[in-house]
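Beneath this line is the structure, given in structure tokens, with notes to follow.
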There are 2 protein chains.
Amino acid sequence: MKPPAFGGLTLADRAFEWLEAAIIKGDYPAGTKLDEVELAQAFGISRGPVREAIRRLEGRKLVERIAHVGARVAKRSQADLIDLLYIREALEGMACRLATSRISDASLDDLEELLAKHASEKPVQAGDSYFQKPGDLDFHFRIIQESGNRQLTEMLCEDLYHLLRVYRYKSSARKGRSLEALEEHRAILAAMRARDPDLAEKCMRQHLSHSRQAAHEEQENGVRPPRLKRA
Amino acid sequence: MKPPAFGGLTLADRAFEWLEAAIIKGDYPAGTKLDEVELAQAFGISRGPVREAIRRLEGRKLVERIAHVGARVAKRSQADLIDLLYIREALEGMACRLATSRISDASLDDLEELLAKHASEKPVQAGDSYFQKPGDLDFHFRIIQESGNRQLTEMLCEDLYHLLRVYRYKSSARKGRSLEALEEHRAILAAMRARDPDLAEKCMRQHLSHSRQAAHEEQENGVRPPRLKRA
DNA sequence: TTGACAAAAACTGTCGACAAAACTCTCTCC
DNA sequence: GGAGAGAGTTTTGTCGACAGTTTTTGTCAA
């Protein structure tokens, strides 16, 4: 009666999905307190399912809980972001290596076509907003999936890329970078066509290292701490 | 009254830790049903905390839940194990690369000492039970920690290595392999001493690839499906 | 024996209530 | 004025009960 079995999902599942999406979208910035009563009222449910959703988020390491105190959206530093970019470099390099051995010729043609389409798009020709935009992601996702490694695909597409969004991570989209990125994609594809796993991995890692270096520079420049209003 | 606040941990936290340990130790084989009532009675608590513990395990992907049906210890295939070994290769290779740049000379001396100690131990000289045993793990853990990458360390030491245990994963400890492993460790350390990140990563990955190849062979040999008793 | 169908049992999902811990605010004393 | 103690409030932790769904059991017929 009360639980309408919406789409076969329980209230706890739906609360989890909503909260996860909210955190990833950035609606709940790092450090935000997750008040059980408040959320339960907002969802129109009791605290039980909300608590279960929070526990699941805790397992996902998206929120940190302190007993008898409460749960907060996990706090992340710029150093953590850079750490994650190193991890992405290693994992996606491996994915590219595996894909090079396993991808079919037909799929390689698809990738070629994808790059050609990207090249003809206006924003790319204008020199910006390609890198790390949907077009760029498509290319990366396709390669990851062609790795044929399910665990790796899951880890990258369902965990790591979501986490990077939590950091409000935006890759450097400075003028001219998009054309460079496109060229790097072409180099990756060429290595894959040549069925050269070592080179393909190397190209992918070099490509990704640019994002990491941008994050490094951002850290060097130093993000000023916000002025604290003295009460 | 009921919750004695044991060590500052809640009942749900303690249930989680107990279940996690049980799954990792292998006391609960893959596919085991986690019955809420049964567990609650065994723990001497109510179903609420047990459910929260299960939700957390679900977030950790150690158990799989189906709404209105129940939670089971996540099922893993041999293919998944191999997938994970590829991931370990990529991540630990990166860890070794980073450690090569960041480790101190003093810590390098420590590692050298560790290997010397391993070499003098009887089991190693006998040619077995070194590879993937505590001694081997020590060496790997030390290098991972020297990477200075907190996310990477956490991912490897707290997630991946536990997962490998879930698979009852035992690296090939066949006769003579332990001496090879020791030599490979020496090669890794030498590359780190030479402050050559490329070589260090390459050596580490090559070292780890042996475990993966062993798992591959095991898969090739084919695990016979068990005879099903016909009632 | 096998199959379908219905009743019953078992289990999961949700709720509301109570207890315990942490936090807040006030008051007091130095 | 500030540190500390204490009462009151707020929030989290746990429990027992009930409702809904799935699974099992039991029955009957082909």
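Within every chain, numbering begins at 1; the chains are lettered A, B, ... in the order of the sequence lines, protein sequences first and strands thereafter.
For A:Leu9 and D:dT21, the CG to P distance is 14 Å, given to the nearest whole Å. Going from atom CZ of A:Arg51 over to atom P of D:dT11 covers 14 Å, rounded to whole Å. Atom CD of A:Glu52 is separated from atom P of D:dT12 by 16 Å (rounded to the nearest Å). Counting to the nearest Å, the P atom of C:dT12 and the CG atom of B:Leu39 are 9 Å from each other. Here C:dT14 presents its C1' atom at 15 Å from CZ of A:Phe43, a figure rounded to the nearest Å. Atom C1' of nucleotide C:dC23 and atom CD1 of A:Ile66 are separated by 13 Å, given to the nearest angstrom. Distance, A:Gln41 CD to D:dT12 P: 12 Å, rounded to whole Å. Atom CD in B:Glu38 sits about 12 Å away from atom C1' in C:dC11, given to the nearest Å.
Listed pair B:Arg47 / D:dC15 fails the phosphate criterion, with no side-chain N or O lying under 4.0 Å from OP1 or OP2. In this structure, A:Lys33 does not reach the D:dT10 phosphate: none of its side-chain N or O atoms is under 4.0 Å from OP1 or OP2. At C:dG13, one or more side-chain N or O atoms of B:Arg65 fall inside 4.0 Å of OP1 or OP2 (strictly under the cut-off).
Using a 4.0 Å heavy-atom cutoff across all strands shown, A:Leu34 reaches sugar-phosphate atoms only and no base atom.
Side-chain proximity of A:His68 to the nucleotides C:dA21, C:dG13, C:dC23 is greatest for C:dA21. Of the candidates D:dT11, C:dT14, C:dT12, C:dT14 carries the atom nearest the A:Leu11 side chain, counting heavy atoms from C-beta on. Looking at the side chain of A:Val69, the nearest of the listed nucleotides D:dT23, C:dC15, C:dA22 is C:dA22. Residue B:Ile45 has its side chain nearest to D:dC15 when only D:dT12, D:dC15, C:dT14 are considered. With C:dG16, D:dC15, D:dT12 as the candidates, the nucleotide lying closest to the side chain of A:Ser46 is C:dG16. Among the nucleotides D:dG13, C:dC15, C:dC11, the one closest to the side chain of A:Ala67 is D:dG13.
Here the two rings, on B:His216 and B:His210, have centers that are 6.0 Å apart or farther.
Along DNA chain C, the nucleotide closest to A:Gly44 and the one closest to B:Glu36 are compared, and the more 5′ of them pairs with B:Glu36.
Counting heavy atoms of neighbouring residues, nucleotides and ligands inside a 6.0 Å radius, atom NZ of B:Lys75 does not exceed 12 of them. Within a 6.0 Å radius of CZ in A:Arg150, no more than 12 heavy atoms belonging to other residues, nucleotides or ligands are found.
Both the sub-6.0 Å distance and the 45° axial angle are not jointly satisfied by A:Arg56 relative to the ring of B:Phe16.
For the pair A:Arg55 (side chain) and B:Glu52 (backbone), a donor-acceptor distance under 3.5 Å is absent.
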